There are 2 protein chains.
Amino acid sequence: MPAKDVITAQPSAVPESDNGWDSLLQEISHRPKRATERKQDRSKRTEQQILTGALRVFARDGISRSRIADIAAEAGISASTLYEYYKSKEDLAYDLPLSHLAEFFEGYHVAAANKTTRERMLLYLVMSADYAREHAEWARLFYLEIWPSVFVTDTDLRHSINDFTRVLLFLVNEAIAEGWIARDRNIHETAALLTGGINQIIITWLLYRKPRNLTKAGTEMAERLIAVLEMEARAAR
Amino acid sequence: MPAKDVITAQPSAVPESDNGWDSLLQEISHRPKRATERKQDRSKRTEQQILTGALRVFARDGISRSRIADIAAEAGISASTLYEYYKSKEDLAYDLPLSHLAEFFEGYHVAAANKTTRERMLLYLVMSADYAREHAEWARLFYLEIWPSVFVTDTDLRHSINDFTRVLLFLVNEAIAEGWIARDRNIHETAALLTGGINQIIITWLLYRKPRNLTKAGTEMAERLIAVLEMEARAAR
DNA sequence: AATATTCACGAAGAAATTTCGGTTTGAATC
DNA sequence: GATTCAAACCGAAATTTCTTCGTGAATATT
């Protein structure tokens, strides 16, 4: 196992120039949310009511079983009015996760400032699990229906989903440069290991409410994942 | 980190009595497939045609977008006839994966005979990925639509899905007894790590056809996962 | 206050699922 | 091989849900 220039490694230093980090997070958390801009105040309220109602109904019944009529009722409007806002049920379902995702990335960007790469990676995984716990309805929709959907293509949403991996890939690359993740392993595989591990915990919690304490379980898994990658790197030297 | 009786560990021995292994696999691969038993030969053929047609249509359009009429046409029958076999579209969608799952478990049971626990675990992960590659339509339906579905509850299918984890848990317990997985880690967490890692690879392949060679990627990931667990165990000694 | 624009809704239309009654087909029995 | 009966099948109608459209009400603008 070759280890050419581990000499330049700086395991626990805060990246100086943040080469690309801020611009990446910037780009990701400012993806266009919605093209349409509502004119009247009433309308903005309605828009919000639709989003809230839809989230509840979708999370409860699943996208496929949810009825437009139910969502409209929940939002306190008529079914036909909903079509002034979204051109179809699917359109609504796929738009819903976006605002939350942006919020997550923004929160993460702030929380990750002035941290080492390792801390950032840990925080990313932990915050993912914790955000799912705090926004269980959203998480149910996102992790169980949207993420795996083959049909979310060429949209802002697919970009946002890919962003999740992009951040992780960035951190993996940094970690390799710093020398605490083995460079002889495929970076996508490493990212898949991290994403897979944490998502599995989240999904199991969403489906069965087990383990009870998602935050604790997520933290444990995150720490374990990173520890394991560090071991690999040490072994590869 | 305590390591009480690692003395009795037998890292690479074939389990003698197979305490529970065979009966577990036996049970899992013989879950009741269908309650209804068709009387006529013609009917059995039709049943098969429905399953084949449905798989193709579901994999292409997704459950929600698929139309009964299309499936019926694909199967060469009228839409109303389909209701003699399944009481709804959902019912059909959720019944589809069962036969394949049983087939997978049977194949695995045979392939895993006379192997060490470590080999069995590796084989399980590798075969999962490979089965998905060989049965891509089925895998698309299973991993992207059925598995994450909250609504598969209290059915044979939910049992079968849980079986996937049960096998893994069994192997993890064996490995702990043999001493090559750390006993101070939560077994469910360890299973989640394994499942999550391999599933992430499969899902990414299903969504993006990347990495190109799923068998190779699955094998690499499986080997890495197990190697990493072994490292953990060594470190815990 | 008059006017224009945005927003909301009920009713009608469209599309898909599901049920029903009657006909055809297959297999067992004589 | 004819008879009989249940199983399998289908077309048409009913039902459910999604979506469009025309019109009127609410809001903002002048």
Side-chain angles (χ1 to χ4, degrees), chain A residues 34-96 141 145-146 149 151-152 155, chain B residues 33-96 141 145-146 149 151-152:
Chain A
R34 276 246 110 190
T36 49
E37 192 60 45
R38 291 283 145 181
K39 305 291 163 64
Q40 299 183 5
D41 282 353
R42 166 176 63 155
S43 189
K44 282 175 185 156
R45 236 178 300 127
T46 306
E47 193 163 30
Q48 195 50 51
Q49 285 164 352
I50 292 177
L51 289 176
T52 312
L55 186 54
R56 173 172 304 146
V57 175
F58 280 143
R60 188 188 63 208
D61 300 340
I63 295 175
S64 154
R65 289 190 197 183
S66 295
R67 288 185 318 219
I68 291 281
D70 287 348
I71 296 171
E74 195 83 24
I77 57 170
S78 92
S80 54
T81 301
L82 204 146
Y83 284 87
E84 299 281 341
Y85 293 80
Y86 296 92
K87 73 175 204 291
S88 73
K89 194 173 81 165
E90 237 177 41
D91 195 50
L92 170 58
Y94 289 165
D95 187 62
L96 254 181
L141 185 62
E145 302 227 42
I146 305 290
S149 175
F151 305 102
V152 186
T155 66
Chain B
K33 303 191 183 184
R34 274 246 110 190
T36 48
E37 192 59 46
R38 291 283 145 180
K39 307 290 165 63
Q40 298 184 5
D41 282 355
R42 163 176 64 153
S43 190
K44 282 174 186 156
R45 237 177 300 126
T46 306
E47 194 162 30
Q48 195 50 52
Q49 283 164 352
I50 292 176
L51 289 175
T52 312
L55 186 54
R56 171 171 306 146
V57 175
F58 280 143
R60 188 189 62 208
D61 300 340
I63 295 175
S64 153
R65 292 188 194 184
S66 294
R67 290 187 317 223
I68 292 280
D70 287 349
I71 296 171
E74 197 83 22
I77 58 170
S78 90
S80 53
T81 301
L82 202 146
Y83 283 85
E84 299 281 340
Y85 292 80
Y86 297 91
K87 72 175 204 291
S88 71
K89 193 173 82 166
E90 233 175 45
D91 196 51
L92 169 57
Y94 289 166
D95 188 63
L96 252 182
L141 187 62
E145 303 225 44
I146 305 289
S149 176
F151 305 101
V152 186

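Small disclaimer: the values here were computed from a predicted structure and weren't measured.
Straight-line distance from the NZ atom of B:Lys44 to the C1' atom of D:dA7: 13 Å, rounded to whole Å. Atom P of nucleotide C:dC7 and atom CD of A:Gln40 are separated by 5 Å, given to the nearest angstrom. Nucleotide D:dT17 holds its P atom 8 Å from the CG atom of A:Asp70, rounded to whole Å. We find that CD of B:Glu47 is positioned 15 Å from C1' of D:dC9, with the value rounded to whole Å. Here C:dT23 presents its P atom at 17 Å from CZ of B:Arg42, a figure rounded to the nearest Å. Computed from coordinates, the B:Leu82 CG to D:dC10 P distance equals 11 Å when rounded to whole Å. Atom-to-atom, CD1 of A:Ile71 to P of D:dT19 comes out at 11 Å; the value is rounded to the nearest Å. Atom CZ of A:Arg45 and atom P of C:dT6 are 18 Å apart (whole Å).
Listed for the A:Lys89 side chain is no donor-acceptor partner under 3.5 Å among the backbone atoms of A:Ile68. Here the side chain of B:Glu145 pairs a donor or acceptor atom with the backbone of B:Ile63 at under 3.5 angstrom. No side-chain donor-acceptor contact under 3.5 Å links A:Glu74 to the backbone of A:Arg56.
Atom CD1 of B:Ile77 and atom CD of B:Glu84 lie 9.5 Å apart (nearest 0.5 Å). Atom CG of B:Leu55 sits about 13.5 Å away from atom CD1 of B:Ile50, to the nearest 0.5 Å.
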Scoring nucleotides 13-20 of chain C by protein non-hydrogen atoms under 4.0 Å (B base, S sugar-phosphate only, - none) yields ---SSBBB

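Taking only side-chain nitrogens and oxygens, A:Tyr85 comes nearer than 4.0 Å to OP1 or OP2 of C:dA8. Dashed line: the shortest gap from a side-chain N or O of A:Arg38 to OP1 or OP2 of C:dC7 is under 4.0 Å. Distances shorter than 4.0 Å separate some side-chain N or O of A:Ser43 from OP1 or OP2 on C:dC7.
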Begin with the C-alpha distance, continue with both residues' side-chain angles, and end with the deciding distance and a verdict on side-chain contact (heavy atoms from CB on, under 4.5 Å) for A:Arg65 and B:Glu90. CA-CA 10 Å; A:Arg65 289 190 197 183; B:Glu90 233 175 45; 2.9 Å; yes

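Closest contact between the side chain of A:Ser78 and the listed nucleotides C:dG10, C:dT25, D:dC10 involves C:dG10.
Within 6.0 Å of NZ on B:Lys44 lie more than 12 heavy atoms contributed by other residues, nucleotides or ligands.
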